[in-house]
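Heavy atoms only: backbone and side chains are in, while hydrogens, waters and symmetry mates are out.
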Amino acid sequence: QVQLVESGGGLVQAGGSLRLSCAASGKIGNINVINWYRQAPGKQREFAAFITSGGSTNYADSVKGRFTISRDNAKSTVYLQMNSLKPEDTAVYYCNLVFRNLQYWGQGTQVTVSS
């Protein structure tokens, strides 16, 4: 059983920055892939970024160059640094992982970017 808790969301002006955190209930060093997804109002949940246990990363085209995903295994936490935020980044952001063939999601954290 894995529990994930996102935090760090809030209201920010366009061009600003936020850092989201995803804290896991246990050690994450053995989790191969951890993802960030987001869901804007009226839209489907979409992939934003992932990071592997080896530190490899990948990003959706919509966030590439502006967002950076990282992980701190000692703190059992994954981060999403979001820079140059745009109003279209407004969404609930979720972290996600698969452990023992089961998918886990956090409760989400709201990010609102004003123009």
Side-chain angles (χ1 to χ4, degrees):
Q1 185 72 33
V2 178
Q3 291 184 319
L4 303 171
V5 179
E6 301 96 334
S7 63
L11 176 63
V12 65
Q13 290 186 330
S17 298
L18 285 172
R19 188 179 74 161
L20 307 184
S21 299
C22 173
S25 59
K27 298 294 184 181
I28 63 169
N30 61 334
I31 304 297
N32 186 37
V33 178
I34 302 177
N35 308 280
W36 282 98
Y37 282 76
R38 65 186 187 179
Q39 187 166 22
K43 299 181 67 177
Q44 288 190 294
R45 194 169 298 184
E46 66 176 2
F47 167 80
F50 76 68
I51 186 165
T52 71
S53 58
S56 297
T57 60
N58 192 42
Y59 301 90
D61 288 342
S62 57
V63 309
K64 193 171 298 181
R66 300 186 298 118
F67 291 11
T68 303
I69 188 171
S70 61
R71 62 194 289 173
D72 186 335
N73 292 338
K75 294 182 177 180
S76 296
T77 301
V78 176
Y79 303 96
L80 187 67
Q81 178 67 47
M82 306 186 297
N83 299 324
S84 302
L85 283 162
K86 305 174 181 179
E88 49 263 45
D89 295 318
T90 295
V92 178
Y93 284 72
Y94 300 88
C95 63
N96 158 267
L97 59 83
V98 175
F99 178 65
R100 294 185 176 181
N101 299 119
L102 294 177
Q103 190 163 252
Y104 294 87
W105 296 89
Q107 84 291 341
T109 185
Q110 176 72 51
V111 172
T112 303
V113 184
S114 62
S115 60

When every non-hydrogen atom of Phe47 is compared with those of Asn35, the smallest separation belongs to CE1-OD1, 3.9 Å

The reported gap from CD in Gln110 to CD in Gln39 (rounded to nearest 0.5 angstrom) is 10.5 Å

Between Thr77 and Asp72, is there a donor-acceptor pair closer than 3.5 Å when you use the side chain of the first and the backbone of the second? no

In this structure, CZ of Phe67 is separated from OG of Ser84 (nearest 0.5 Å) by 9.5 Å

| field | Ile28/Val78 under side-chain contact (heavy atoms from CB on, under 4.5 Å): CA gap, chis, key distance, verdict | value | CA-CA 9 Å; Ile28 63 169; Val78 176; 3.9 Å; yes

What one should report as the nearest heavy-atom pair of Glu6 and Gly108 is OE1-N, 2.8 Å

On a heavy-atom basis, the closest approach of Gln103 and Asn96 is CG-ND2, 3.1 Å

Margin query: Between Asp89 and Lys86 (salt bridge meaning N to carboxylate O under 4.0 Å), is one present in this structure?
Written below: no

Rounding to 0.5 Å, atoms OG (Ser114) and CG (Leu11) come to a distance of 5.0 Å

Where does the angle between the aromatic ring planes of Trp105 and Tyr94 fall among parallel (under 30°), tilted (30 to 60°) and perpendicular (over 60°)?
perpendicular

Rounded to the nearest 0.5 angstrom, the CG-OG1 distance for Asn32 and Thr52 is 6.0 Å

When every non-hydrogen atom of Ser115 is compared with those of Ala14, the smallest separation belongs to CA-CB, 4.3 Å

Exercise. Same hydrophobic cluster for Leu85 and Leu80, using side-chain heavy-atom links shorter than 4.5 Å among ILVMFWY?
Worked result: yes

All heavy atoms of Leu97 vs all of Val33, minimum pair found to be CB-O, 3.7 Å

TODO: Go through the steps for Tyr104 and Gln3 under the test side-chain contact (heavy atoms from CB on, under 4.5 Å), then give the verdict.
DONE: CA-CA 7 Å; Tyr104 294 87; Gln3 291 184 319; over 6 Å; no

Q) Is the side chain of Tyr59 donor-acceptor paired with the backbone N or O of Ile69 at a distance under 3.5 Å, no angle test? A) yes

Nearest heavy-atom approach of Thr90 to Ala40 is O-CB, 3.5 Å

Margin query: Could you walk me through whether Ile51 and Trp36 satisfy the side-chain contact (heavy atoms from CB on, under 4.5 Å) test, starting with their C-alpha distance in whole Å, then the side-chain angles of each, then the deciding distance to 0.1 Å, before giving a yes or no?
Written below: CA-CA 9 Å; Ile51 186 165; Trp36 282 98; over 6 Å; no

When rounded to the nearest 0.5 Å, the distance separating CZ of Arg71 from CD1 of Ile31 is 7.5 Å

Do you see a donor-acceptor pair shorter than 3.5 Å between the side chains of Tyr37 and Arg45? no

TODO: Could you state whether Leu102 and Phe99 fall into the same hydrophobic cluster, counting links through intermediate Ile, Leu, Val, Met, Phe, Trp or Tyr residues with side-chain heavy atoms under 4.5 angstrom apart?
DONE: yes

- Task: State whether the side chain of Arg19 and the backbone N or O of Gly9 hold a donor-acceptor pair below 3.5 Å, judged by distance alone.
- Result: no

In this structure, OG of Ser7 is separated from CD of Gln107 (nearest 0.5 Å) by 8.0 Å

* **Common cluster, Leu4/Val92, ILVMFWY with side-chain heavy-atom separation under 4.5 Å** => no

| query | Got a sec: does the CD of Glu88 have more than 12 other heavy atoms crowding it under 6.0 Å? | reply | yes

Whether the Ser17 and Asn83 side chains hold a donor-acceptor pair (N or O, under 3.5 Å, no angle test) is what I'd like checked. yes

Open item on the list: Quick one, Tyr79 with Leu20, criterion side-chain contact (heavy atoms from CB on, under 4.5 Å). Give me CA distance, side-chain angles, the key distance, then yes/no.
Closed with: CA-CA 5 Å; Tyr79 303 96; Leu20 307 184; over 6 Å; no

